[in-house]
Participant: 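Mind having a look at this structure? Questions to follow.
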Amino acid sequence: LVGGGILDVRGGLGSHDSTEVLRHDSQQMDVLLFQALTNIVGDDTVIGIVEFIQKNRRIMDHKVTFGGKPVTLVGNRCKVGETAPVFTVTDAGLQPVSSDVFHGKVRIYSIFPSVDTPVCSLQNIRFNREASKLGDDVVVVSLSVDLPFAQKRFCAAEGIDRVHVFSDYRELDFGMKYGFVIDSLRLLARGVVVVDREDVVRYVEYVPEVTHEPDYEKALAVARELAK
């Protein structure tokens, strides 16, 4: 953008008022960018640029509310049918753990902001209770950015013994790869992801209001079906 318009590149786009350009939908904007930049750097480079723009649009457009206030989630928004990214988190002994250790199992990733809140406590207690009914082919993995010490204390106090609880506090590796990081708070949002034995995402819920509980029944139904 130059002086409120788009730079005229080799007779490409010409000058447009910026407010007019902003009325184009996402697809039209990509076409305009492609046409202009192709004249400068060629098709292959522009394809990479457009993919970058689309990826970042996917990241920044994802919003939920926290106590009624809008917050932005950053990271790669997870979608059903995609390959589940491998991530590394930290266990109660401060050791790194790769999600690869659960390969071949149906996984329920239970994501929440902090064990020190009532709703997060309920979420962990509920999944711990359900885990005992799911059999050995399904594992429940709880993820937050609480320090491992706090997670260990919580699990001991609440009798959480059927769920694998890990911390994403170091690198936000899970949070960024699955799109659950609340940008302004450096916490994970609330939600559930179900992954099948072949590492394909089969269910995703980003809870629209972080202070609400997830839809347990939908996630559990998917996990049970995958475990058959």
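Quick caveat, the model's predicted, so the values are computed rather than measured. Positions are given from 1, in the same order as the sequence printed here.
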Participant: CG of Leu143 to CZ of Phe174: how many Å apart, nearest 0.5 Å?
Facilitator: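 If we round to the nearest 0.5 Å, Leu143:CG and Phe174:CZ are 5.0 Å apart.
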Participant: Would you call Glu82-Arg77 a salt bridge at under 4.0 Å N-O?
Facilitator: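 Arg77 and Glu82: not salt-bridged.
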Participant: Are the side chain of Arg162 and the backbone of Lys133 linked by a donor-acceptor contact shorter than 3.5 Å?
Facilitator: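 Pair absent, no side-chain N/O of Arg162 close to backbone of Lys133.
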Participant: What do the steps show when you test Asp199 against Arg107 for side chain to side chain contact (heavy atoms under 4.5 Å, CB included), and what is the final call?
Facilitator: CA-CA 9 Å; Asp199 302 323; Arg107 282 144 279 169; 2.7 Å; yes
Participant: If we ignore hydrogens and angles and just use 3.5 Å, is the side chain of Ser99 paired with the main-chain N or O of Phe87 as donor and acceptor?
Facilitator: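 Yes.
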Participant: Evaluate whether atom CD of Glu171 has more than 12 neighbouring non-hydrogen atoms of other residues, nucleotides or ligands under 6.0 angstrom away.
Facilitator: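 Open.
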Participant: Is the closest basic N to carboxylate O distance between Asp168 and Lys177 below 4.0 Å?
Facilitator: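 Salt bridge flag = no for Lys177 with Asp168.
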Participant: When you compare the side chain of Val200 with that of Val195, does any pair of heavy atoms fall below 4.5 Å?
Facilitator: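 Val195 does not reach Val200 side chain to side chain.
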Participant: Applying the 4.5 Å side-chain criterion to the ILVMFWY set and letting contacts propagate, would Val181 and Tyr109 be lumped into a single cluster?
Facilitator: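 Same cluster: Val181 reaches Tyr109 through Ile, Leu, Val, Met, Phe, Trp or Tyr contacts under 4.5 Å.
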Participant: Which atom pair, heavy atoms only, marks the closest approach of Val138 to Ala223?
Facilitator: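 Nearest pair, atom of Val138 first, then Ala223: CG2-O, 4.2 Å.
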Participant: May I ask you to establish whether Arg129 and Tyr216 are in a cation-pi arrangement, using a distance under 6.0 Å from NZ or CZ to the six-membered ring centre and at most 45° from the ring axis?
Facilitator: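 Geometry flag: not set, cation outside 6.0 Å or 45°.
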Participant: Do the side chains of Val222 and Val106 get nearer than 4.5 Å, heavy atoms only?
Facilitator: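 They are not in contact (no side-chain heavy atoms under 4.5 Å apart), so the answer is no.
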Participant: Are Val119 and Arg190 side-chain neighbours, meaning at least one heavy-atom pair lies under 4.5 Å?
Facilitator: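 Contact flag for Val119/Arg190 side chains = yes.
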Participant: Under the criterion side chain to side chain donor-acceptor pair (under 3.5 Å), I'd like the reasoning laid out for Asp146 against Ser114: C-alpha separation, chi angles, the key distance, then a yes or no.
Facilitator: CA-CA 6 Å; Asp146 292 296; Ser114 174; 2.8 Å; yes
Participant: Taking side chain as C-beta onward, heavy atoms only, is Val165 less than 4.5 Å from Phe154?
Facilitator: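 With C-beta onward as the side chain, the pair stays apart.
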Participant: Would you confirm whether Asp173, through its side chain, and Thr88, through its main-chain N or O, come within 3.5 Å as a donor-acceptor pair?
Facilitator: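 Yes: the side chain of Asp173 pairs with the backbone of Thr88.
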Participant: Do His103 and Val86 touch side chain to side chain, with heavy atoms closer than 4.5 Å?
Facilitator: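 His103 does not reach Val86 side chain to side chain.
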Participant: Hey, could you give me the CG/CE distance between Leu73 and Met176, rounded to the nearest 0.5 Å?
Facilitator: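 Here the rounded value is 10.5 Å.
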Participant: Would you check, one step at a time, whether the test side chain to side chain contact (heavy atoms under 4.5 Å, CB included) holds for Asp137 with Leu226?
Facilitator: CA-CA 9 Å; Asp137 289 333; Leu226 293 172; over 6 Å; no
Participant: Treating Ile, Leu, Val, Met, Phe, Trp and Tyr as nodes and any side-chain heavy-atom pair under 4.5 angstrom as an edge, say whether Ile182 and Tyr206 lie in one connected cluster.
Facilitator: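 Yes, one cluster joins them.
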Participant: Look at the side chain of Glu205 and the backbone N and O of Asp215, then say whether any donor-acceptor pair between them is shorter than 3.5 Å.
Facilitator: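 Yes: the side chain of Glu205 pairs with the backbone of Asp215.
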Participant: Group every Ile, Leu, Val, Met, Phe, Trp and Tyr by side-chain heavy-atom contacts under 4.5 Å, then state whether Phe66 and Val192 land in the same group.
Facilitator: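 Result: no, two separate clusters.
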Participant: Is there a continuous path of hydrophobic side-chain contacts, each under 4.5 Å between heavy atoms, that joins Ile108 to Val139?
Facilitator: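 Unlinked, Ile108 and Val139 end up in two clusters.
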Participant: Is there a donor-acceptor pair under 3.5 Å between the side chain of Glu209 and the backbone N or O of Val64?
Facilitator: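 No; judged by distance alone, with no hydrogens or angles, the pair does not exist.
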Participant: Just by distance, do the side chain of Lys152 and the backbone of Asp91 share a donor-acceptor pair under 3.5 Å?
Facilitator: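 Side chain of Lys152 to backbone of Asp91, a donor-acceptor pair under 3.5 Å: no, none is there.
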Participant: Could you grab the distance from atom CG of Leu188 to atom CZ of Phe112, nearest 0.5 Å is fine?
Facilitator: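 Going from the CG atom of Leu188 to the CZ atom of Phe112 covers 8.5 Å.
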Participant: Between Ser144 and Gln151, is the side chain to side chain donor-acceptor pair (under 3.5 Å) condition met? List the steps.
Facilitator: CA-CA 9 Å; Ser144 73; Gln151 291 179 337; 3.0 Å; yes
Participant: Could you see if Leu220 belongs to whatever hydrophobic cluster contains Val207? Use Ile, Leu, Val, Met, Phe, Trp, Tyr and a side-chain cutoff under 4.5 Å.
Facilitator: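 Leu220 does not cluster with Val207.
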Participant: Take Val194 and Lys218 through the test side chain to side chain contact (heavy atoms under 4.5 Å, CB included) and record every step on the way to the result.
Facilitator: CA-CA 10 Å; Val194 179; Lys218 283 187 179 179; over 6 Å; no
Participant: If you define the side chain from C-beta out and look only at heavy atoms, does anything of Ser110 sit under 4.5 Å from Val163?
Facilitator: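 When only atoms from C-beta onward are counted, Val163 and Ser110 do not touch, as no gap falls below 4.5 Å.
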Participant: About how many Å separate CG of Asn128 and CD1 of Ile160, when rounded to the nearest 0.5 Å?
Facilitator: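 Answer for the CD1-CG pair, Ile160 versus Asn128, is 4.0 Å.
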Participant: Could you pull out the closest heavy-atom pair between Gly67 and Thr211, with the gap in Å?
Facilitator: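 Scanning both residues, the minimum pair turns out to be N-CG2, 3.8 Å.
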Participant: Could you pull out the closest heavy-atom pair between Arg170 and Arg186, with the gap in Å?
Facilitator: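 So the minimum-distance heavy-atom pair works out to O-NH2, 3.5 Å.
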Participant: Are the side chains of Glu213 and Leu122 in contact, using a 4.5 Å heavy-atom criterion?
Facilitator: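 Yes. Closest side-chain heavy atoms under 4.5 Å.
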Participant: Rounded to the nearest 0.5 Å, what's the gap from CD1 on Ile111 to CG on Leu187? Could you check?
Facilitator: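 Result: 14.0 Å between the selected atoms.
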Participant: Testing the basics here: between Arg197 and Gly104, what is the closest heavy-atom pair and its distance to 0.1 Å?
Facilitator: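 For Arg197 versus Gly104, the nearest heavy atoms are CG-O, 3.4 Å.
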Participant: Using 0.5 Å steps for rounding, measure from the CD atom of Gln123 to the OG1 atom of Thr117.
Facilitator: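 Going from CD on Gln123 over to OG1 on Thr117, the span is 9.0 Å.
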